[in-house]
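For reference, the structure discussed in these notes is given below.
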Amino acid sequence: MKVPFSTAIAMAFGLIVLLGYFVDIPILITLRDVFVRWAVLLMTVALIVGIVNLVIVHWKKFSQDPGENPYSIILLVAFGLTLLVAGFFGPTSEWSLWIFNHIQMPVEQSLMAILVVVLIYSVARMFKDRGNLISLIFIATVLLMLILGVPWFGVAIPGLQGPGGIRSFIAEIPAVAGARGILIGIGLGTVATGLRVLIGADRPYGG
Amino acid sequence: MNLADLLSVKHAGLLFVIIFLGLIIGFTLRGRGRILVPRRKIHAFDRLRDAIGLGVESGSRLHISLGWGGLLGIPGIGSLIGLSIAKRVAKIASISDKPPVITSGEGATAVLSRDTLQAAYRELNQQEKFDSVLGRMSGVTPFSYAAGTLPVIYDETVSATIVGGHLGSEVGLITDATQRIGGVSLTGSDNLPAQAVMFGTTQEALIGEDYYAVDAFLDGEPVHTASLQAQDILRWVVASGILIGALLKFFGLI
């Protein structure tokens, strides 16, 4: 098997980091910590590259058709202003925090509110489009957990709500069992994928 | 080394990794030269192939969303799977006029997405199709990522969205946008809340380890099918271990 240089480097570094977690040899542990710190540093540099890319994409979109891409110019102006304020006054200054608390937070909270509407609509659409048994169980469980989630008129109904009720039974037994089953699958899939990358069988990068 | 050392979590972990690796290598060697097809059928992958075909015919674009998980920790593996999907999809859709676009919410993943696309086109000798804006970062927080991804779906003639990476419940906004334009969504994630939202909002959601089987279904090389076989065996081992542990605890033996 012909292994490109970049892949060989990735494999070697991955193997050293993995062994550093399992084998108590001081040099391996030191190397592991150094490599992980390098990775964090590189990811920070990559974030800057990503932001530059974001600006380039929106500048291209805006310059190609200014009338059709109003959001791109909003993004560019907002980015420029935020960069100026955070660069001049500092990222934890009063003005920077004002931007965060009065612009970014409300916008993200609005999106969260929209998400609630989207999810309700999706459940209704699911009921219409996919009326199979699994979907019906999913919808029934969602409705049951929502309805029993809060006491009705301030009174918890025995047998339905509170400890020992249907809601806590669903939340503590079938839901936890299902979640653990899924997590075991995710864990095994994660290890398998990591090992394939480590032996160079998978190269989800340019190598 | 005494028994307590042997049974420590670290050594058990190392043993588990060695056995896993041994099984993958063993099954790969056994399956070499044979065309291996995963035994279980996952309809989402048939749908993905159809979506790619339809996208190519209709001159529309595929959108691959890698989420905002980055490359470190468990979310990193989710991103790597997403990149792997991107590479294979770029190759399959290479005859299309409109190459796929990849969005991510983290810098390193964005850089790798461009690298992945470039490598896919280089392998196909179609480097002229590569444009650096095809792999882009659309936001750095979960909701800003979703907000930045929506214009890609609405404005860039997208016919299918493939979500593969670490996202939260905001994935609902992305899948809803795809449905609104009449597109197909195929979704997978390592995050449980995201999986619940995906199940409710998309036609095809990959739940649990199905997401990690993408490589075997899209491009069944022996190592991918071997990896699935190893996972199946170890799943039974882990499940049996949990059951035996529960029984031993129940009878007061541990």
Side-chain angles (χ1 to χ4, degrees), chain A residues 18 21-24 36 39-40 42-51 53-54 56-57 60 68-69 71-72 75 104 107-108 111-112 114-115 118-119 121-123 125-126 129-130 138 142 179 181-186 188-197 199 201-202 204-207, chain B residues 10-11 13-14 17 20-21 24 70-72 74 77 80-81 83-84 87 106-108 110-112 115-116 118-119 132-133 136-138 140-141 143-144 146-148 151 155 169-170 172-173 176 190 192 195 197 199-201 207-209 211-213 215 223-224 227 230-231 234-235 238-239:
Chain A
L18 184 69
Y21 279 107
F22 287 128
V23 184
D24 283 329
V36 170
V40 172
L42 284 173
M43 286 177 78
T44 312
V45 176
L47 180 66
I48 298 168
V49 175
I51 289 170
N53 169 262
L54 180 75
I56 291 171
V57 167
K60 275 189 179 175
E68 285 292 308
N69 296 301
Y71 298 124
S72 293
L75 182 135
Q104 190 179 341
V107 168
E108 295 214 359
L111 280 169
M112 202 178 279
I114 292 170
L115 181 64
V118 164
L119 290 180
Y121 176 69
S122 297
V123 167
R125 192 166 51 198
M126 185 184 182
D129 296 345
R130 282 191 281 161
F138 181 82
V142 168
I182 292 173
L183 285 174
I184 288 171
I186 290 173
L188 289 171
T190 301
V191 176
T193 308
L195 288 174
R196 288 204 309 266
V197 173
I199 60 175
D202 270 7
Y205 41 84
Chain B
K10 247 183 183 180
H11 291 109
L14 182 59
V17 167
F20 212 143
L21 193 60
I24 292 175
L71 293 172
L72 291 180
I74 290 179
I77 294 291
L80 289 179
I81 300 262
L83 285 166
S84 195
K87 196 170 188 176
E106 197 268 338
V111 171
L112 272 186
D115 189 38
T116 300
Q118 195 170 18
S132 64
V133 299
R136 64 184 79 159
M137 194 171 85
S138 54
V140 288
T141 63
F143 277 97
S144 70
D155 301 340
S169 53
E170 72 285 347
L173 295 170
D176 180 66
D190 56 349
L192 280 180
Q195 288 187 17
V197 171
F199 183 79
T201 58
I207 304 295
E209 74 252 40
Y211 174 53
Y212 298 88
D215 285 312
V223 68
H224 297 121
S227 171
Q231 281 179 64
L234 287 171
R235 190 186 310 112
V238 171

*Side chain, backbone, both or neither: which part of B:E106 has a non-hydrogen atom closer than 4.5 Å to chain A?*
side chain

*asked:* Report which part of A:L54 has an atom under 4.5 Å of a heavy atom belonging to chain B: side chain, backbone, both, or neither.
replied: both

*Where does A:L183 contact chain B at under 4.5 Å (heavy atoms): side chain, backbone, both or neither?*
side chain

*asked:* Given heavy-atom pairs under 4.5 angstrom as the criterion, report whether the side chain, backbone, both or neither of B:Y211 touches chain A.
replied: neither

*Apply salt bridge (charged side-chain N to carboxylate O under 4.0 Å, His left out) to the pair B:D176 and A:R125, showing each step before the final yes or no.*
CA-CA 11 Å; B:D176 180 66; A:R125 192 166 51 198; 3.6 Å; yes

*Going through the checks in order, is the side-chain contact (heavy atoms from CB on, under 4.5 Å) test met by B:L14 and A:Y21?*
CA-CA 9 Å; B:L14 182 59; A:Y21 279 107; over 6 Å; no

*Side chain, backbone, both or neither of A:V197 within contact of chain B (heavy atoms, under 4.5 Å)*: side chain

_Which residues pass the side-chain hydrogen bond (donor to acceptor under 3.5 Å, both in side chains) test with A:E108, not counting sequence neighbours?_
A:Q104, B:T141

*When you measure from the side chain of B:S84 to the backbone N and O of B:L80, does any donor-acceptor pair fall under 3.5 Å?*
no

*Checking heavy atoms, do the side chain of B:V223, its backbone, both or neither come under 4.5 Å from chain A?*
both

*Specify which of B:V197, B:L173, B:L83, B:D190 makes the most heavy-atom pairs with chain A at under 4.5 Å.*
B:L173

*For A:D129, is it the side chain, the backbone, both or neither that has a heavy atom under 4.5 Å from a heavy atom of chain B?*
neither

_Can you list everything that forms a side-chain hydrogen bond (donor to acceptor under 3.5 Å, both in side chains) with B:S138? Sequence neighbours excluded, please._
B:T149

